[in-house]
Amino acid sequence: MTAAPASPKASPTMSAPDYRPTVFLPKTDFPMKAGLPEREPQILERWQQADLYAQLRAARQGREKFIYHDGPPYANGDMHIGHALNHVLKDAVVRTHSLLGKDVPYVPGWDCHGLPIEWKVEEAYRAKKQNKDEVPAKEFRAECRAYAQHWVNVQSQQLQRLGINGDWKKPYLTMDFASEATIVSELLKFAESGQLYRGAKPVMWSPVEKTALADAEVEYHDITSTQIDVAFEIVEAPNAPELVGAHAVIWTTTPWTIPVNQGIAYGPEVEYLLVHVTELDGSIRRYLVAEPLAVEFFGRLQLMERAQRGEIKRFDSSGPDFKGANLAGAIARHPMHHLGGFFANPRPFLPGDFVTTDQGTGLVHMAPDHGEDDFALCKAHGINPVFAVEGDGRYRADWLWLGGESKNVINPTLNAPDGPICSDLKAAGALLSAGPFSHSYPHSWRSKKKVIFRCTPQWFVPMDAGSPTLREKAMAAIAATQFTPDKGRNRIGSMVEGRPDWVLSRQRAWGVPITLFVDRKTGDYLVDKSINQKIVERFREQGVDAWTPEFAAELLGDRVDQYEMITDILDVWFDSGCTHVYVLESGHWPEYRWPADLYLEGSDQHRGWFQSSLLQSCATRGRAPYNAILTHGFTMDANGRKMSKSEGNTINPLDVMKTYGADILRLWALSVDFTEDHRIGDEILKGVADQYRKLRNTFRYLLGALDGWSEDERLPVSEMPALERWVLNRLAVLSGELKAAVLAYDFNRYTSLITGFVQDDLSAFAMDVRKDSLYCDAPTATARRAWRTVLDITFHALTRWLAPVLVFTAEEVWGTRYPDAGSVHLLEWPEIDAGWQDETLAHQFILARKLREEAYLKLEEMRRAKEIGSFLEAVVTIETTNEDRFVAMQALDLTELLLVSRVTLVKGASEALTVGKSDDAKCARCWRFLPVNPETELCGRCTDVVGEMVHDA
RNA sequence: GGGCCGGUAGCUCAGGGGUUAGAGCACACGCUUGAUAAGCGUGGGGUCGAAGGUUCAAAUCCUUCUCGGCCCA
């Protein structure tokens, strides 16, 4: 003890001396109030100055490695609650495995290219009334780069504030020149191995901005379009010959797509009928429409009114109903077939699952250039897009119908009932109706102008080419990967199984170019290893700005005119799909190796990073870049609903850290079931803060109880009483359970095991029982030394075990006891002797605690009856007929364990537990009810201890 | 609309055919006043999202519905 208690002071009352100064109360400077928001930044600063991350790398040098590879968040805003949860989990994985003694490097990264950053930079231009197109590309990209770098810096600070221990001095960025060079080099591997092809796909296209738009760049407005019914004459119908000569009717709100029609889709299960219209001259026209839509069709054609007005003789829909499946093999011709060429080609009927009877005629005109369903169905039947509409929205000059028309196809006058399309159709006898139609239609977010669907050439990675195919390789890799939780396998598996080819190209500025040259004659892309090598080298020096026509000329020399230089950029998922290459494999971080043991992200990344990395790696390396995947769910508000700014139910992790501290946020993240969606809110955070307080107070008590501890005091386990050995047994069991939880990434279990032990075993039981010994026994007493020895062991175990969770508090606790010992985070798993486990003891204590519970129920009754206050005033008598039970109880010091004045064991005629009040007096020092010396009011033990002190003094 | 997943006390979580569904926290009441803005004890609190079904027996297995989530359309 550093401060020996003084001698008893004379009590102010005459009755008894004040023995308080002779009691060894806990003593510590460790404050009860945490003040985390102020304290944490100070601790963080110490770590930064000492370069804790580097220290940890040095401390684990040469140890077994655990390769965790960090997925890159997007660098465009403040950290949100999802980032916080995600990074706390990552940090917990890294720290717990590090605690197990492994070398676990953690290089954080950021995703820096892509559209959202481009937008933000463009927005700034617009604010300055500048036009993006007038800014040189290089300058524009420099601004994107600066924008991304800004948010990398901000997020780095925020994540460090959260206590994430990583290599913040040397993170990886997808926009590092070395990364950009690697991405290009990986792309060229696809090219060299023939895993790229140029195809086409309908995308949202803005004719005004002459660019493709992402879904997020599109907004919907109500507009009025022209709806038309158009008749296509059926010329062949092998399964329904009676249809030849009849007209299939299609309905559309985009008349401009009729000049690009290439077929008609029907629903195989839809019921169709023929409408007969008898003209005044007696001739009959027959129209094929879906039965459920016939009445609406009559309405649009005003057949009833026309019949009443005498414009037609009559109409009826008699005739056999039949299923669409009978249309298989049928052929129609385009209303403008007389123009020849493209228009003279047959227009086949194709079965489409997407055909419904909600609207229209149940027959859908197919323009593969301008619709996703159209494109897919036509492609499946060998019909390809014709690219009749150009980037500015006009028909190609050489198009047979309306070629050279000066208006954009989406122009209302072009589509109007009196416009050229309708006029020509009418002249051809094919226009059955034309009128206004109100609906919701996509517009460009920026120009507010209408957009169109338009097929454009794109670069693809084939999923099903070669043997084994990429899909097969990916499926095999999924089977070989460990998933936590296991349902992730199913999820990514069904996605990969059904996904289409990977579209790699984007028509954008801020990204890594697709560095290909396409032969203008053959359409083949150039595969030249020496040129490719030069490209990669140049990118390493200059990054994405290297891709210029000048560089192309330099590479190709006099062949430059023979090739088209591709200016598309890569899908950013390709960037992030390559992180395993430049982080794990490049040697830029020599502490890493390929592949990773673990990837850890939200479950949305089954479609994102997990998949892009999988496909990239399977295509270039034949296996996944990871051995295991850990996924977490999403953070909802207190009511289990998704957070959104417009709902005003968001929780900002920066605010939580300001109000409660990072350790509270971390404890929250590691307490919830992260494998599912989980909640956060004020009530929840208050609960977590309460939990934290309990842990903090336990540490405070441990520190106070261990005040003045010296190694001389340590007692061998063999000399310890049962309670001490039982606590060691609990630590040994706990150690095994915690290790299992770490290996299973079960942090919820990890934290609840610790808090359970602290609350139930330590605070409510062992510490309560041993207060008497700690406070009142002589410092040299074996019992007190035994308890302090166990407290010391417990202290070392708990600080280490909690260090990955309460990173700041653990450091504060450790530093309070060992101010000069360095960081708690460099330490390893506590040394727990497996021999401490003791089944017999464990069973004895289950019995003891049951008796305690039973006794307390009865004592509580006495207390309610005001017969006693403290349980120390009570005596307990336990009677049993059972010999084994008697022996077991005898082995325990039940008076101590029950915290009463005396427990009497009786071997008698019944099983009973009775309680009563002690006849003894209260010892003025230890407050137990025992025989006391009436003069000093001290029990025997306290008489000795106090006597010793007076003697020493 | 489709695929996948989830709903157990006010909160965070256990339990995955077999007594009367548990723990910690919160809450109420009490003890202690030598962990004191702490510690200890006792207590109340549940239609296990809903409805059907299988079974001697269902929180647990099946079906439907509902609410919520992620990913698609």
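Every chain is numbered from 1 and lettered A, B, ... according to where its sequence line falls, protein lines coming before strand lines. What you see is a predicted model, and the numbers here were worked out from it, not measured in a lab.
In terms of phosphate contacts, A:Lys33 brings no side-chain nitrogen or oxygen within less than 4.0 Å of OP1 or OP2 of B:A38. Distances shorter than 4.0 Å separate none of the side-chain N or O atoms of A:Arg863 from OP1 or OP2 on B:C31. Put simply, A:Arg693 has no side-chain N or O that comes within less than 4.0 Å of OP1 or OP2 on B:G24. At the phosphate of B:G68, OP1 or OP2 sits under 4.0 Å from a side-chain N or O atom of A:Arg641. For B:A37, neither phosphate oxygen OP1 nor OP2 lies less than 4.0 angstrom from any side-chain nitrogen or oxygen of A:Lys694. Checking the phosphate oxygens (OP1, OP2) of B:C70, a side-chain nitrogen or oxygen of A:Lys642 falls inside 4.0 Å. For A:Ser763 and B:C40, the shortest distance from a side-chain N or O to OP1 or OP2 is below 4.0 Å. Between A:Tyr775 and B:A35 there is a side-chain N or O to OP1 or OP2 distance below 4.0 Å.
Environment of CG in A:Asp29: sparse, with no more than 12 heavy atoms of neighbouring residues, nucleotides or ligands closer than 6.0 Å.
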Intra- and interstrand pairs of RNA chain B - dot-bracket, Watson-Crick/G-U under 3.5 Å, | marks other strand: ((((((((.[[[[.)..(...]]]].(((((.......))))).....[[[[[..)....]]]]]))))))).

Stepwise side chain to side chain contact (heavy atoms under 4.5 Å, CB included) test for A:Gln759 and A:Lys694: CA-CA 8 Å; A:Gln759 276 152 193; A:Lys694 180 74 196 186; 3.6 Å; yes

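For the pair A:Tyr856 OH and B:C40 P, the interatomic distance rounds to 11 Å; values are reported in whole Å. Summarising the geometry, the separation between CZ on A:Phe871 and P on B:G41 is reported as 9 Å, rounded to the nearest angstrom.
Residue-level contact check: A:Leu857 touches the backbone only, with heavy atoms under 4.0 Å from sugar-phosphate atoms and none from bases. Contacts of A:Asp690 with the nucleic acid, taken as non-hydrogen atoms under 4.0 Å apart, involve only primed sugar atoms and P, OP1 or OP2. Within 4.0 Å (heavy atoms only), A:Gly704 reaches no atom of the nucleic acid at all. Among the atoms of the strands shown, only primed sugar atoms or phosphate atoms (P, OP1, OP2) are found under 4.0 Å from some heavy atom of A:Arg679. Using a 4.0 Å heavy-atom criterion, one finds that A:Arg499 contacts no nucleic acid atom at all. Among the heavy atoms of the strands, none lies under 4.0 Å from A:Ser752. Counting any heavy atom pair closer than 4.0 Å across all strands shown, A:Arg491 reaches a base atom. Looking at heavy-atom distances under 4.0 Å, A:Tyr701 makes contact with a base. A:Trp927 comes within 4.0 angstrom of a nucleotide base, judged by non-hydrogen atoms across all strands.
Using a 30° and 60° split on the angle between ring planes, A:Phe845 and A:Phe765 fall in the perpendicular class, above 60°. Using cut-offs of 30° and 60° for the angle between ring planes, the A:His632 and A:Phe634 rings count as tilted.
The side-chain tip of A:Arg784 points at the ring of A:Phe24 from less than 6.0 angstrom away and within 45° of straight on.
Separating the P atom of B:A21 from that of B:G16 is a span of 15 Å, rounded to the nearest Å.
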